[in-house]
Amino acid sequence: MSPDRPALQPPVPPPVPVFDPVLVFERNGQPYCCPAADVVEIVEEPALDDPGYAAPLVAAVLSHGGRFIPAIDPAGVFDRPAARRGDAILIQGPLGVVALLADRVVGFRKPDSVAPAPWIPPGRLCRSAATIDGIGRAFLFGADGIGDVPAAAPVAAPAPATAAAPAGSVATPADAGAMHLVFTIGGRLHAAAYGEVRRILHRQRSFRIPGGTAPVRHAVEVTGAVVPVLDLTGALDRVDAAGSTGDRRCDFVVLSCAAGPLALRVDRIERPLALVRDATEPGWFPSPGIAGIARRDDRDYALVTGASLWRDLLDGTAAEAPAR
């Protein structure tokens, strides 16, 4: 090569696209999903009423929070028989709120790709499809299609500005901060960032591990794998003490950590919220495994991660272990 000619530089690879998390759910064995940012609440097996009129897409009406919300069966969107049953995933956009009916909520995932789905007829709520590792193609229902749904309730006007927040609290507008899954344990509010949550298990049966010792005495099955359970309140142990015939069906939030998934037993899944972490260290909080504290509307939320639970309850060196 001539010394006067500059050396050729290797081509710069294009940036890898990063897609926003989605909530994956199943209906009649088919995977679907919706943007995590659009989810406002998951209502377990609500009472669903006949809409009382023939309306495209609307399989039922849900009375919730003082308003009527149209409920959509994703199967009906694709001209399959719709059913008035299941859990309701409430999504919200500028044109209103709708409920998507689901047989099972799988959990939060990051898609590998999202592409338009032009083969879906217009006016069917669904605009695109996502490809998700381990799941395949899942039709994506988002806020951009809510206008297709008849009788979608209008969004309430934003509340007027209020006085400054009390000292020690963090002002958190509805669109600020990362989205978190909120749940209660022992009457206290906890939260986990969407990126930490691998799966949500509703009314799942746990089983006692033979020879298991505290804090891991129980486990649940997750897609064929045995996942250890952490129970911060000892509720499952009390069932054991009451006799082997007790029912261990509970709700669990499955979190990621360096050693693999951990199932945290929770009392109830609450509405997802955008939360900002408080700078205050959580040493004063009485529960172990707390990674931080968030405050919103004068309420405290204990932030948990799989790594913090592993560090405090199972192995003090896990916090330095690389994430899997």
Side-chain angles (χ1 to χ4, degrees), residues 21-36 38-65 67-93 96-109 120 124-126 129-130 132 135-143 145-146 148-153 181-183 194 197-205 220-223 247 249-254 266-272:
V22 296
L23 178 64
V24 181
F25 60 98
E26 290 182 354
R27 187 67 166 178
N28 295 339
Q30 167 70 41
Y32 300 93
C33 62
C34 54
D38 294 349
V39 177
V40 293
E41 191 170 357
I42 301 172
V43 185
E44 294 184 45
E45 298 184 349
L48 298 168
D49 298 321
D50 190 323
Y53 53 89
L57 303 182
V58 179
V61 172
L62 167 66
S63 177
H64 184 72
R67 57 182 170 180
F68 291 100
I69 299 173
I72 311 304
D73 186 342
V77 172
F78 297 97
D79 296 324
R80 299 188 181 98
R84 207 158 51 240
R85 56 170 175 76
D87 297 335
I89 301 170
L90 273 56
I91 63 173
Q92 178 168 320
V97 178
V98 302
L100 301 173
L101 300 181
D103 297 326
R104 186 170 72 95
V105 177
V106 176
F108 298 99
R109 299 288 189 275
I120 299 175
R124 296 293 183 91
L125 181 64
C126 183
I132 303 170
I135 293 175
R137 188 176 66 182
F139 293 108
L140 180 63
F141 294 87
I146 286 181
D148 297 343
V149 181
L181 181 70
V182 177
F183 44 90
Y194 276 178
V197 179
R198 293 186 58 168
R199 191 174 289 265
I200 302 168
L201 304 177
H202 290 289
R203 305 305 301 160
Q204 178 87 357
R205 185 184 297 276
V220 291
E221 182 180 352
V222 181
T223 61
D247 186 5
R249 289 191 181 274
C250 301
D251 294 340
F252 299 91
V253 175
V254 181
V266 303
D267 299 328
R268 186 174 59 190
I269 306 291
E270 301 283 350
R271 169 181 176 173

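On a predicted model such as this, the values are computed, not experimentally measured, just so you know. All values below were derived from every heavy atom in this structure, side-chain atoms included, with hydrogens, water molecules and symmetry-related copies excluded.
- In plain terms, the two heavy atoms of Ile91 and Cys34 that are nearest each other are CG2-SG, 3.9 Å.
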query = How far apart are the C-alpha atoms of Tyr32 and Leu100, what are their side-chain angles, what is the distance that settles it, and do they pass the side chain to side chain contact (heavy atoms under 4.5 Å, CB included) test?
reply = CA-CA 10 Å; Tyr32 300 93; Leu100 301 173; over 6 Å; no
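- Side chain of Arg203 to backbone of Arg249: a donor-acceptor contact under 3.5 angstrom is found.
- No donor-acceptor pair closer than 3.5 Å links the side chain of Asp251 to the backbone N or O of Arg268.
- Checked by atom type and distance alone, the side chain of Arg109 pairs as donor or acceptor with a backbone atom of Arg198 at under 3.5 Å.
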- Could you please spell out the steps behind the side chain to side chain contact (heavy atoms under 4.5 Å, CB included) verdict for Ile72 and Val58? CA-CA 5 Å; Ile72 311 304; Val58 179; 4.2 Å; yes
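- Shown here for Leu62 and Ala99, the closest heavy-atom pair between the two residues is CD2-CB, 4.3 Å.
- Considering only heavy atoms from C-beta on, Phe139 comes within 4.5 Å of Ile120 through its side chain.
- Closest approach of His202 to Asp87, counting heavy atoms only: CD2-OD2, 4.3 Å.
- Rounding to the nearest 0.5 Å gives a distance of 9.5 Å between CD of Glu270 and CG of Leu181.
- Residue Leu90 holds its CG atom at 4.5 Å from CD1 of Ile69, rounded to the nearest 0.5 Å.
- Side-chain polar atoms of Glu41 and His64 form a donor-acceptor pair below 3.5 angstrom.
- The distance from atom CG of Leu57 to atom CG of Leu125, rounded to the nearest 0.5 Å, is 6.5 Å.
- Residue Ile135 comes nearest to Pro31 through the heavy atom pair CG2-CB, 3.7 Å, listed as atom of the first residue, atom of the second, then distance.
- Taking each heavy atom of Ala143 and Asp38 in turn, the nearest pair found is N-OD2, 3.0 Å.
- For the pair Asn28 (side chain) and Gln30 (backbone), a donor-acceptor distance under 3.5 Å is absent.
- Not a single donor-acceptor pair under 3.5 Å links the side chain of Glu221 to the backbone N or O of Arg205.
- Atom CG of Leu101 and atom CZ of Phe25 lie 9.0 Å apart (nearest 0.5 Å).
- Across Leu48 and Ala71, no two heavy atoms sit closer than the pair CD2-CB, 4.4 Å.
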request  = Take Leu23 and Phe108 through the test side chain to side chain contact (heavy atoms under 4.5 Å, CB included) and record every step on the way to the result.
outcome  = CA-CA 4 Å; Leu23 178 64; Phe108 298 99; 3.7 Å; yes
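- A salt bridge links Arg85 with Asp103: at least one charged nitrogen is closer than 4.0 Å to a carboxylate oxygen.
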Checking side chain to side chain contact (heavy atoms under 4.5 Å, CB included) for the pair Val98/Phe141: CA distance, chi angles, key distance, verdict?
CA-CA 10 Å; Val98 302; Phe141 294 87; over 6 Å; no
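- We find the CZ-CZ distance between Arg80 and Arg27 to be 12.5 Å, quoted to the nearest 0.5 Å.
- In summary, Asp79 and Arg124 engage in a salt bridge, as defined by a charged side-chain N under 4.0 Å from a carboxylate O.
- Taking CG from Leu201 and CZ from Arg104, the interatomic distance works out to 8.5 Å, rounded to the nearest 0.5 Å.
- Counted within 6.0 Å of CD on Glu44, heavy atoms from surrounding residues, nucleotides or ligands total more than 12; the atom is thus considered enclosed.
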